[in-house]
Amino acid sequence: MEDNTQAVQALSKKDEAYVRIKDRIISGEYKPGSLLVERTLSDSLNMSRTPIRAALMDLCHTGLATFVPGKGIYVSVIGRRDIEEIYEIRALLDPAVLLSFMKQATRDQIAMLRTFADNMRDAVRMENTGMLIENDVNFHQYYTDYCGNARLADIICSTVDPFHRFRYITSSSMKMNRVFVEEHLLIMKAIEDNDQAEAELQMKAHYSHLKRYLIQKLTSEGQL
């Protein structure tokens, strides 16, 4: 029993380390290409190096970090192919997830989506980027969680971390944030009207716009 308890505690520490490091990568606090040093992370997170080492391996598996033999583990650099692949997956599968949600959604579930969309609109009015990203994430995660297709939801969830990382980058422009929120409101209206064709059209247009803007932004900054 004692050994099992210790294993659970170790796993919890590893998960905590994973989430905290992941969040710093996604938010841009840990820059692309920067070296992730176990000792430094141990001091920063006030944790032993064992769970941090395990968390770094998991981050390599998810693609947020990259192991370079003989050198160490680095925050993954974002490439044009990464952007194109993630948004291609989302543009193909997100409409299917959303349509599956629409076929069975209750009034309360649609009302919850409306709350997230309205919160996004309020966030840009207040120029509150944190509130905007939180509700953007919740909007997409909510219809995924209640789409009724667990396998499809699992595939979408495999793209969540890089997708959120991209969203942080695109959120630096409040002008573009307003445009992206308007696109969410168009998606929301189609959901409320139960117009599946329009919802699919607006979702695909939104991801196409996000992809073009992110590539343009990173190219102009010399990162692609």
Side-chain angles (χ1 to χ4, degrees), residues 15 18-19 22-23 25-27 58-59 61-64 76 78 82-124 129-171 176-177 179-214:
D15 289 346
Y18 175 86
V19 169
K22 179 194 74 173
D23 287 349
I25 292 173
I26 289 174
S27 68
D58 284 352
L59 287 164
H61 292 151
T62 62
L64 290 178
S76 293
I78 298 172
D82 299 315
I83 297 169
E84 291 176 341
E85 288 181 349
I86 291 298
Y87 281 121
E88 181 179 355
I89 292 170
R90 298 294 299 221
L92 285 171
L93 297 185
D94 245 42
V97 172
L98 182 58
L99 297 188
S100 181
F101 168 82
M102 290 173 67
K103 290 175 182 177
Q104 60 184 5
T106 65
R107 290 182 179 180
D108 287 344
Q109 288 172 336
I110 292 174
M112 181 58 71
L113 270 189
R114 166 54 71 177
T115 298
F116 295 138
D118 288 346
N119 286 346
M120 291 173 63
R121 180 194 58 205
D122 294 341
V124 294
T129 303
M131 177 181 172
L132 171 61
I133 292 176
E134 178 183 359
N135 283 279
D136 190 345
V137 169
N138 288 341
F139 181 88
H140 293 281
Q141 191 62 50
Y142 189 81
Y143 66 72
T144 301
D145 288 342
Y146 291 97
C147 74
N149 187 326
R151 289 181 174 84
L152 189 55
D154 284 345
I155 297 172
I156 285 289
C157 287
S158 70
T159 70
V160 163
D161 288 343
F163 183 68
H164 290 175
R165 191 183 185 193
F166 296 165
R167 187 64 188 94
Y168 265 91
I169 297 171
T170 59
S171 70
M176 292 307 302
N177 283 337
V179 173
F180 295 141
V181 167
E182 287 302 317
E183 292 173 354
H184 279 81
L185 293 174
L186 290 173
I187 295 169
M188 189 66 237
K189 184 178 185 304
I191 295 170
E192 291 172 332
D193 292 343
N194 197 29
D195 189 337
Q196 296 182 15
E198 182 67 11
E200 180 177 8
L201 178 68
Q202 293 299 336
M203 182 70 76
K204 288 182 177 179
H206 173 59
Y207 283 134
S208 177
H209 192 189
L210 276 171
K211 180 180 74 173
R212 292 196 311 271
Y213 174 68
L214 181 58

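Note that the structure is predicted; figures quoted are calculated from it, not measured.
The side chain to side chain contact (heavy atoms under 4.5 Å, CB included) check on Q141 picks up T144, D145, C157, V160, with sequence neighbours excluded. Legend: residues meeting salt bridge (Lys or Arg N to Asp or Glu O under 4.0 Å) with E84, ordered by chain and number and at least two apart, are R80. Residues forming a side chain to side chain donor-acceptor pair (under 3.5 Å) with S100 (at least two apart in sequence, or on another chain): none. For T115, the side chain to side chain donor-acceptor pair (under 3.5 Å) test picks out no residue, with sequence neighbours left out. Every side chain to side chain contact (heavy atoms under 4.5 Å, CB included) that E88 has, sequence neighbours left out, goes to L92. R114 is linked by a side chain to side chain donor-acceptor pair (under 3.5 Å) to D118, E192, counting only residues two or more places apart in sequence or in another chain. Under the side chain to side chain contact (heavy atoms under 4.5 Å, CB included) criterion, S208 pairs with R212, sequence neighbours left out. For the side chain to side chain donor-acceptor pair (under 3.5 Å) test, no residue two or more places apart in sequence or in another chain qualifies with D23. With sequence neighbours left out, the side chain to side chain contact (heavy atoms under 4.5 Å, CB included) criterion links K204 to P95, E200. Applying the salt bridge (Lys or Arg N to Asp or Glu O under 4.0 Å) rule to K211 yields no partners; only residues at least two apart in sequence or on another chain are considered. Taking the ring pair (Phe, Tyr, Trp, His ring centres under 6.0 Å) definition, one finds that H164 meets it with nothing, sequence neighbours left out.
In this structure, R165 and I78 have side chains that are in contact, with non-hydrogen atoms separated by less than 4.5 Å.
In this structure, D195 contributes its side chain and A190 its backbone to no donor-acceptor pair below 3.5 Å.
Contact detail for Y146 and Q104: the closest heavy-atom pair is O-NE2, 3.3 Å.
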Step by step, would you call D193 with E198 a side-chain contact (heavy atoms from CB on, under 4.5 Å)?
CA-CA 9 Å; D193 292 343; E198 182 67 11; over 6 Å; no
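Applying the ring pair (Phe, Tyr, Trp, His ring centres under 6.0 Å) test to pairs two or more places apart or on separate chains, those with a residue in residues 90-121 are F116-Y142.
Checked options H140, K189, Q202; the residue passing with H184 is H140 (criterion: side-chain hydrogen bond (donor to acceptor under 3.5 Å, both in side chains)).
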